[in-house]
Amino acid sequence: MPALIAKSPPMLSFTLVADRWTRPFWDAAAEHRLVAARCADCGRFRMPPTPFCPDCRSQALQWVTLTGLGTIYSYTVVMRALVPGAEDCIPYVPAIIALEGAEGARLISNVVDAPIDRLHIGDPVQVVWHDYPDGLSVPRFALSPKVMT
């Protein structure tokens, strides 16, 4: 039996609604840059960006461009289409990615183009960009080439 390969999740019901706290993330994504929000006062990273720093309550943010590398912190494998029309996207792998260069920050995304049976918590990953016809660019993550060999 051939290995199951992680696919991109369906975009059937996704509508991007950005606000002043998330717009810089999506603007950078459109340029294929992965960024994370850091408190300009105490330095704590926070993803997703929130109006107040959970440590010092500051609203001041800096956006830091990251390497695009990370590790799988957690994941699950979706084997059934949850909405009609999503059958071609199965299996897909929602994942929490710990971001390199942004200590403590994690991004909810997906692992793509990887054999399901090769995925493990702690595996190194790198960002890959999925561009959609409406201009939206979404960061996904692929296993590092070292893991694939």
Side-chain angles (χ1 to χ4, degrees), residues 5-78 82-83 85-86 88-149:
I5 304 298
K7 298 179 182 180
S8 290
M11 291 292 287
L12 300 173
S13 62
F14 180 82
T15 302
L16 176 64
V17 179
D19 59 23
R20 73 183 209 123
W21 304 106
T22 60
R23 173 66 55 202
F25 177 86
W26 293 110
D27 288 347
E31 299 171 357
H32 290 185
R33 288 186 306 110
L34 186 62
V35 297
R38 178 172 61 194
C39 178
D41 290 327
C42 75
R44 178 180 175 166
F45 281 95
R46 57 190 196 260
M47 289 300 289
T50 55
F52 294 94
C53 175
D55 283 351
C56 73
R57 307 301 292 162
S58 172
Q59 287 193 293
L61 280 180
Q62 298 171 325
W63 286 91
V64 177
T65 299
L66 304 176
T67 64
L69 302 176
T71 57
I72 298 174
Y73 180 82
S74 183
Y75 71 96
T76 191
V77 178
V78 177
L82 301 176
V83 294
D88 291 340
C89 299
I90 301 301
Y92 65 92
V93 180
I96 299 173
I97 306 299
L99 300 171
E100 179 181 284
E103 185 178 334
R106 297 182 187 115
L107 182 65
I108 298 171
S109 184
N110 298 91
V111 176
V112 295
D113 301 327
I116 299 294
D117 61 355
R118 299 284 300 272
L119 297 176
H120 300 93
I121 290 174
D123 279 349
V125 291
Q126 59 192 31
V127 72
V128 293
W129 295 97
H130 284 206
D131 298 322
Y132 292 90
D134 65 359
L136 179 65
S137 293
V138 177
R140 308 274 192 229
F141 289 83
L143 287 176
S144 168
K146 292 184 261 185
V147 175
M148 297 298 286
T149 56

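Scope of the values below: all heavy atoms of this structure, side chains included, with no hydrogens, waters or symmetry mates. This is a predicted model, so every value here is computed, not measured.
The two atoms that bring V138 and R140 nearest to each other are CG1-NH1, 3.3 Å, heavy atoms only. Across all their heavy atoms, C89 and P9 have their closest contact at SG-C, 4.1 Å. For the pair V111 and A95, the tightest heavy-atom approach, listed with the atom from each and the gap, is CG2-CB, 3.8 Å. When every heavy atom of L119 is checked against every heavy atom of Y75, the shortest pair comes out as O-OH, 3.0 Å. Looking at every heavy atom in both residues, R46 comes nearest to S58 through NH2-O, 3.8 Å. Between A29 and S137 the shortest heavy-atom distance is O-CB, 3.2 Å.
Ring geometry, H32 versus W129: the interplanar angle falls under 30°, so the pair is classed parallel (tilted spans 30 to 60°).
To the nearest 0.5 Å, atoms CD1 (I96) and CG (L107) are separated by 10.0 Å. Here S109 contributes atom OG and M47 contributes atom CE; the two are 10.5 Å apart, rounded to the nearest 0.5 Å. One finds the CG atom of D123 at 9.0 Å from the OG1 atom of T71 (value rounded to the nearest 0.5 Å). Of the inter-residue distances, the one linking F141 atom CZ with L69 atom CG reads 9.0 Å to the nearest 0.5 angstrom. Residue W63 holds its CH2 atom at 9.5 Å from CG of D27, rounded to the nearest 0.5 Å. Distance check, rounded to the nearest 0.5 Å: OG1 of T50 to CD of Q59 gives 9.5 Å.
Counting only heavy atoms from C-beta outward, the side chains of V78 and P94 approach each other to under 4.5 Å. Between L16 and W26, the closest side-chain pair of non-hydrogen atoms falls below 4.5 Å. Using a 4.5 Å cut-off on side-chain heavy atoms (C-beta onward), P115 and I5 make contact. Here the side chains of L99 and I97 are in contact, with some heavy-atom distance below 4.5 Å. Taking the side chain as every heavy atom from C-beta outward, C56 and R44 never approach each other to under 4.5 Å.
Other residues, nucleotides and ligands place more than 12 heavy atoms under 6.0 Å from the CG atom of D117. At most 12 non-hydrogen atoms from other residues, nucleotides or ligands lie less than 6.0 angstrom from CD1 of I108.
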Subject >> Step-by-step side chain to side chain contact (heavy atoms under 4.5 Å, CB included) determination, L66 to V35 >> reply: CA-CA 5 Å; L66 304 176; V35 297; 5.8 Å; no
**OP:** Take Y92 and V77, measure what side chain to side chain contact (heavy atoms under 4.5 Å, CB included) needs, and give me the verdict at the end.
**Re:** CA-CA 6 Å; Y92 65 92; V77 178; over 6 Å; no
**OP:** Could you give me the CA-CA distance, side-chain angles and deciding distance for V93 and N110, then say whether side chain to side chain contact (heavy atoms under 4.5 Å, CB included) is met?
**Re:** CA-CA 5 Å; V93 180; N110 298 91; 5.7 Å; no
**OP:** Could you go through the side chain to side chain contact (heavy atoms under 4.5 Å, CB included) check for I72 and L143 one step at a time?
**Re:** CA-CA 9 Å; I72 298 174; L143 287 176; 4.1 Å; yes
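When atom types are taken as modelled, the side chain of Y73 and the backbone of R106 share no donor-acceptor pair closer than 3.5 angstrom.
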